[in-house]
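A short write-up of the structure that comes next.
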Amino acid sequence: MLRYVIRRLLGAIPLLVGVSVLSFVFMQLAPGGPDALFARNARMSPEQIANIRHNMGLDRPMHEQLLVWLGNLLQGDLGISYTQYRPVTTVIWDVFPNTVILITAGLLLSLVVSLVFGVLAARRQYGFFDNVTSFVSYFGLAMPVFWFGLMLQLLFAVKLGWLPSANMHSIGEDGFWDLLKHLALPAFTIAIGSIAGWSRYVRSSTLEVLGQDYVRTARAKGLREQRVVWGHVLKNALIPFVTVVSIDIPLYLTGAVLTETVYAWPGMGRLFFDSLAVRDYPVLMGTLVLGAVLIVLGNLVADILYGLLDPRIKY
Amino acid sequence: MSVDSTSESRSTPPLASSIGSASAVAEVEPGGLAALVRDPSARAPRSPLQLALLRLRRAKLAIAGMVVISLLALGAIFADYIAPYGADEQDLFNITQPVTREHWLGTDELGRDELSRLLYGGRISLLVGVSAALLSTVVGLLVGAIAGYYGGWIDQLLMRFVDLMLAFPAIFLLLIVFSMRGSSVLMVVLFLGFFGWMWLARIIRGEFLSLKAREFVEAAHAIGVPGRRIIVRHLLPNVIAPIIVTTTLNTAYYMLAEATLSFLGFGVPPGTPTWGNMLTSARSNYVTYPILAIAPGLTLTIAVLAINFVGDGLRDAFDPRAGR
């Protein structure tokens with residue numbers, strides 16, 4: 001097991017290097033370049049611009065810049081933000097926890113709801129509850145995330161006034177309850193797509209497990225139905241589910257960007273847009289790399305969980 | 001297969017006994033077993049495609065989806081004749097109208113008729129969805145087929161590339177490039193297609209790997225059919241089902257993606273009527289005029305829903321395990 005984890009971690013390194021190199025190349029394709037911010041200033045003399053370019057390391061050949069950047073990256077140094085004049089790691093670290101809160105809340109909500117809905121729907125296949133959940137699921141999958149967010153905002157924040165419409169805290173308050181109230185709509189928004197998809201998935205894999213011999217055995221030996229369903233069936237239905245969840249992790253990153261935009265949530269998404277507007281290259285690169293790290297780690301965790309859940313798998 | 005004709009039930013015993021040594025029979029007399037299976041049902045044999053169509057017809061949801069999406073597509077194509085107003089025609093005396101007899105879905109902040117814009121907007125939205133889906137299918141098919149058929153280091157190389165693309169936080173990159181280069185319909189299509197082919201490639205590769213070991217491919221190989229011809233004539237027809245299903249579902253996915261990019265301000269250039277752009281411009285005043293946000297969002301949702309129904313129907317129709 002440990003050897004497997006180590007091997008996977010080592011395997012992730014070339015992947016991350018690849019993503020970093022690709023990010024770097026794509027950034028170079030953009031016109032203007034990192035010094036555009038200064039070069040467009042008419043009062044700058046050519047010497048001054050050359051000076052800035054030299055300080056930023058932009059006068060060196062491309063491959064050298066790439067190697068320097070990669071070398072720094074390996075040491076956890078993402079460079080200095082062009083506009084905030086602070087290390088990129090600090091800039092990102094300031095808002096990263098907020099995004100983690102949002103994504104975690106969405107993931108938890110989605111896991112709980114889709115497991116309960118999926119199993120209940122499978123218990124009575126083609127029953128009333130099954131039909132209702134499948135109808136809702138189809139809608140959930142077809143809606144644009146941000147539109148769903150806007151509609152929730154319109155209904156619960158504007159028309160009904162039950163929940164705050166934006167931001168993470170009310171002004172002058174930072175209690176947990178206040179955070180929870182602000183979190184409710186964004187978490188539901190980011191979760192809706194996976195609630196819809198996952199509950200369908202849990203339903204079909206539960207149905208498959210319900211037909212297995214060991215379920216009949218469990219029932220035959222007189223276990224209570226609750227035990228059978230939530231113990232035997234769910235446990236086995238969960239195994240392939242882990243993979244599905246890990247596949248959807250990139251979707252959560254995208255969802256976070258959209259949700260943060262709709263609800264003015266102060267996270268990575270907002271940082272990204274702010275940096276985009278002022279072309280803060282180091283921050284943008286940092287966001288790209290961090291996103292890739294999250295995706296790769298998510299897949300790794302899923303694979304390890306898969307092994308833990310299914311004792312038949314040997315490494 | 002249904003057992004309804006008497007001739008079929010009479011022929012069952014020899015069939016059953018021959019199954020025991022099916023491999024031996026098949027080797028000695030290729031096609032003999034197949035002939036035995038097909039022959040008894042004296043009625044016209046149904047090809048897999050016919051069976052698929054039959055099952056598809058049974059799926060009412062898929063048919064309903066097909067009808068809805070056809071209507072939306074027709075509305076978009078013939079918008080010039082159907083739409084009550086032009087896409088950019090302004091009625092400056094009636095801006096942000098509620099639902100009225102002149103404007104069935106009201107007007108936006110520039111006095112443009114919402115219904116007309118919805119009809120015209122379908123053009124770009126559907127066009128982007130379909131062409132991005134086709135593009136990603138072509139790329140996925142090429143990569144998957146080459147990796148699966150040739151195997152070896154080519155396979156390794158291509159699959160590592162697939163891993164790389166899957167690990168890429170595509171949304172960030174799309175936004176960076178579009179914000180700096182500006183965007184156009186073509187750019188949106190190219191980028192969406194280029195970042196969405198990986199799953200199909202994996203499916204095709206897996207199918208090809210298992211198909212490659214089958215006798216008919218070996219036979220083709222043995223009589224000297226060149227590789228490219230084996231791929232096109234012998235392998236491709238066997239993966240038509242996943243290709244069609246994936247392309248259909250991708251179309252819906254890309255329509256959503258187009259709207260998402262537009263919403264973030266980096267999609268199809270603003271001003272062009274697309275469902276995504278209409279949502280974006282509605283965002284500034286949707287609290288006061290909710291219809292402006294509800295109408296395009298609902299239209300998009302219904303379109304995506306319809307395509308998803310068609311895709312699921314196709315999947316059931318092609319699934320040999322689905323019975324009958």
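Computed from a prediction, not measured in an experiment: that's the story for all the values here. Just so we're on the same page: letters track the sequence lines, and every chain starts at 1.
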Taking every non-hydrogen atom, the tightest pair across B:N277 and B:T272: ND2-O, 3.0 Å
Flag, side chain of A:W265 to backbone of A:N98, donor-acceptor distance under 3.5 Å: yes
Max heavy-atom pair count under 4.5 Å with chain B, selected residue of A:V257, A:L276, A:L253, A:V293: A:L276
Interface residue of largest heavy-atom contact number with chain B, from A:L290, A:V296, A:V289, A:T287, under 4.5 Å: A:T287
Part of B:A252 lying under 4.5 Å from any heavy atom of chain A: neither
Contact origin within A:M143 toward chain B - heavy atom pairs under 4.5 Å: both
B:Y253, OH: over 12 other non-hydrogen atoms inside 6.0 angstrom: no
Interface moiety of B:L175 toward chain A, non-hydrogen atoms closer than 4.5 Å: both
Residue among A:L288, A:L141, A:V145 with most heavy-atom pairs under 4.5 Å to chain B: A:L288
Contact origin within B:L298 toward chain A - heavy atom pairs under 4.5 Å: both
Region of A:Y138 that comes under 4.5 Å of a non-hydrogen atom in chain B: both
Interface moiety of A:F273 toward chain B, non-hydrogen atoms closer than 4.5 Å: side chain
Spacing of B:L279 atom CG and B:S262 atom OG [to the nearest 0.5 Å]: 9.0 Å
Beyond-backbone contact of A:L271 with A:S275, side-chain heavy atoms, under 4.5 angstrom: yes
Donor-acceptor pair, side chain of A:E260 and main chain of A:G269, under 3.5 angstrom: yes
Most chain A-contacting option - heavy-atom pairs closer than 4.5 Å, from B:T260, B:I307, B:N308, B:D163: B:T260
Donor-acceptor contact present, side-chain A:R203 to main-chain A:A122, <3.5 Å: no
